[in-house]
Amino acid sequence: MHTQSLAALAEGLRRRDFSSRELTEHFLGRIDKLDGELNSYVTVTAERALEQAAAADARLDKGEGGPLTGIPLAHKDLFCTQGVRTACGSRMLDNFIAPYDAHIVELLDAAGMVTLGKVNMDEFAMGSSTETSFYGPTKNPWDTARVPGGSSGGSVTAVAAGLAPVATATDTGGSIRQSAALTGLTGIKPTYGRVSRYGMVAFASSLDQAGVVAHSAADAALVLQAMSGFDPRDSTCVERPVDDYAGALDQPVAGLRVGLPAEYFAEGLDPAVRAAVEAAAAELEKLGATLVPIQLPNSPLSVPTYYVVAPAEASSNLSRYDGVRYGYRCADPANLEDLYKRSRGEGFGDEVQRRIMIGTYVLSHGYYDAYYLQAQKVRQLIADDFRKAFEQVDVILGPTTQGTAFGIGEQTDDPVTMYLNDIYTIAANLAGLPALSMPCGMLDGLPVGAQLIGKHFDEGRLLAAAHAYQQATDWHTRFPGAFA
Ligand code: GLN
């Protein structure tokens with residue numbers, strides 16, 4: 001059951017070949033047996049899952065329910081889940097029981113999905129390896145000595161190893177796409193504003209966007225559709241009807257203009273990754289797409305721009321964790337200042353503290369103009385590059401990452417190398433564009449991902465292009481042998 005598509009699972013449930021309870025128990029059993037080694041779950045909500053499964057079965061018995069009713073999923077542990085711990089990979093929130101549900105949790109619950117639990121992530125989603133989590137690193141099921149990427153490492157490992165059929169995730173600078181690429185999954189970050197951020201623990205509010213990681217574009221389409229939509233509780237959420245992503249999967253690739261940015265195939269890219277992505281481009285061409293060389297001249301500025309903007313917003317967002325209202329509080333504070341200092345010093349890990357310090361610095365008097373304001377201007381230039389490119393092409397294709405999954409511990413002492421993991425993904429966040437990663441090859445037993453970036457609100461087209469590619473290839477069907 002853990003290797004079937006969501007459509008196949010839905011069909012099996014609808015025909016009552018198996019119940020949602022049986023399906024849920026199957027995944028809970030696998031979590032029990034295999035997650036000790038992988039560390040993808042932080043909290044398993046078995047009891048609640050079985051209650052939700054029973055409710056789904058009651059609907060299915062009556063012939064009711066939709067395409068996701070009775071299908072289990074895992075939520076990244078930064079989506080608030082009422083009555084369930086939402087720890088965000090941090091000691092700061094280790095004791096935080098969310099008093100309400102995130103908008104996407106409400107929507108997926110209403111669709112009849114069954115929450116298996118909450119999955120691991122880099123602390124406050126800051127990282128590219130899931131090593132900054134307070135709960136320890138998550139392992140990559142393709143090679144447990146390697147990272148699954150980050151910050152959505154728990155989401156991708158759970159799905160790639162068959163411990164959940166699908167999972168939610170978030171992407172501030174690449175967390176959905178980079179993690180999906182390193183574990184052989186399809187992950188989509190929709191347009192900024194497509195999915196509500198209500199109830200999602202904030203990292204960098206102008207960049208954060210929720211999405212989904214799955215085995216295929218078809219699976220991702222079903223879940224993205226159910227979690228998208230207007231929500232007045234997020235002022236940046238766009239009031240616009242949700243496209244029928246699943247229904248549009250079969251739109252043809254013929255005539256699609258695919259841009260290949262010179263800057264994404266330049267120095268730094270592993271030649272074997274390059275070859276795999278070029279083969280994906282050739283496959284799309286075979287399906288009738290036209291390949292168009294393009295330029296995104298400001299892309300080398302995306303990482304430095306992000307590492308001013310994201311920490312600035314993080315320093316502001318994380319000021320709420322003061323040891324007073326909720327979250328971690330130090331023992332026996334001597335006075336108020338000591339309470340603030342020690343609660344934050346003990347509650348936040350090193351990477352989070354580094355970001356808060358960078359953010360506070362770039363926003364401070366005297367440096368604001370030099371760093372923050374400059375970064376905002378460069379962000380506009382990066383968005384303009386895409387605007388111009390999309391006058392010539394419909395989608396942009398490139399690598400998701402420069403190489404395959406790296407070893408646990410390999411980059412932890414070198415934040416700048418770690419930051420460069422997102423060199424191809426960050427620009428889409430800065431410009432608010434939808435982007436997807438899909439598996440396009442294997443290198444020494446490790447998956448390689450290709451990235452598709454689209455125009456605003458063109459996620460349907462990205463999913464359709466990935467679906468067409470997946471109809472013609474079988475990279476997305478590979479499963480890590482050790483966890484079969
Ligand atoms: N790796 C990037 C960072 O550390 C992006 C993380 C993310 O998308 N959440 O900020």
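Atoms within a ligand are numbered from 1 in the order they appear, just like the ligands themselves.
Not close to ligand 1: Ala310, with no non-hydrogen atom less than 4.0 angstrom away. For the pair Arg355 and ligand 1, a heavy-atom separation below 4.0 Å is found.
The aromatic rings of Tyr264 and Tyr424 are tilted relative to each other, their planes meeting at an angle between 30° and 60°. Taking the six-membered ring for Trp and thresholds of 30 and 60 degrees, Tyr326 and Tyr321 have ring planes more than 60 degrees apart, a perpendicular arrangement.
In this structure, the protein non-hydrogen atom closest to atom 7 (C) of ligand 1 is Ser175 OG, 2.5 Å. Residue, atom and distance of the protein heavy atom nearest to atom 10 (O) of ligand 1 are Tyr306 OH, 2.6 Å.
Close contacts of ligand 1 with Met126, meaning ligand atoms under 4.0 Å from a residue heavy atom, involve 4 (O). Taking a cut-off of under 4.0 Å to the non-hydrogen atoms of Tyr307, the atoms of ligand 1 that pass are 1 (N), 2 (C), 3 (C), 4 (O), 10 (O). Atom numbering of ligand 1 starts at 1 in the shown order; those under 4.0 Å from a heavy atom of Ser151 are 9 (N). The atoms of ligand 1 that sit less than 4.0 Å from any heavy atom of Ala125 are 6 (C), 7 (C), 9 (N).
Thr168 places a side-chain N or O within 3.5 Å of a backbone atom of Lys76 that can act as its donor or acceptor partner. Side-chain atoms of Glu346 do not come within 3.5 Å of backbone N or O of Cys330 as any donor-acceptor pair. Side-chain atoms of Asn39 come within 3.5 Å of backbone N or O of Tyr135 as a donor-acceptor pair. Under the 3.5 Å distance criterion, the side-chain polar atoms of Gln178 are left unmatched by any main-chain donor or acceptor of Asp422.
Polar contact with ligand 1: present for Gly173 (N/O pair, distance under 3.5 Å). Residue Thr172 places at least one N or O, backbone or side chain, under 3.5 Å from an N or O of ligand 1. Ligand 1 has no nitrogen or oxygen under 3.5 angstrom from a nitrogen or oxygen of Phe203.
Put simply, the residue from Tyr372, Tyr371, Tyr419 that forms a ring pair (Phe, Tyr, Trp, His ring centres under 6.0 Å) with Tyr307 is Tyr419.
In summary, the side chains of Gln470 and Thr186 do present a donor paired with an acceptor at a separation below 3.5 Å, with no hydrogens or angles considered.
Nearest-residue assignment for atom 1 (N) of ligand 1 (options Asp422, Asp171, Thr425; heavy-atom criterion): Asp422.
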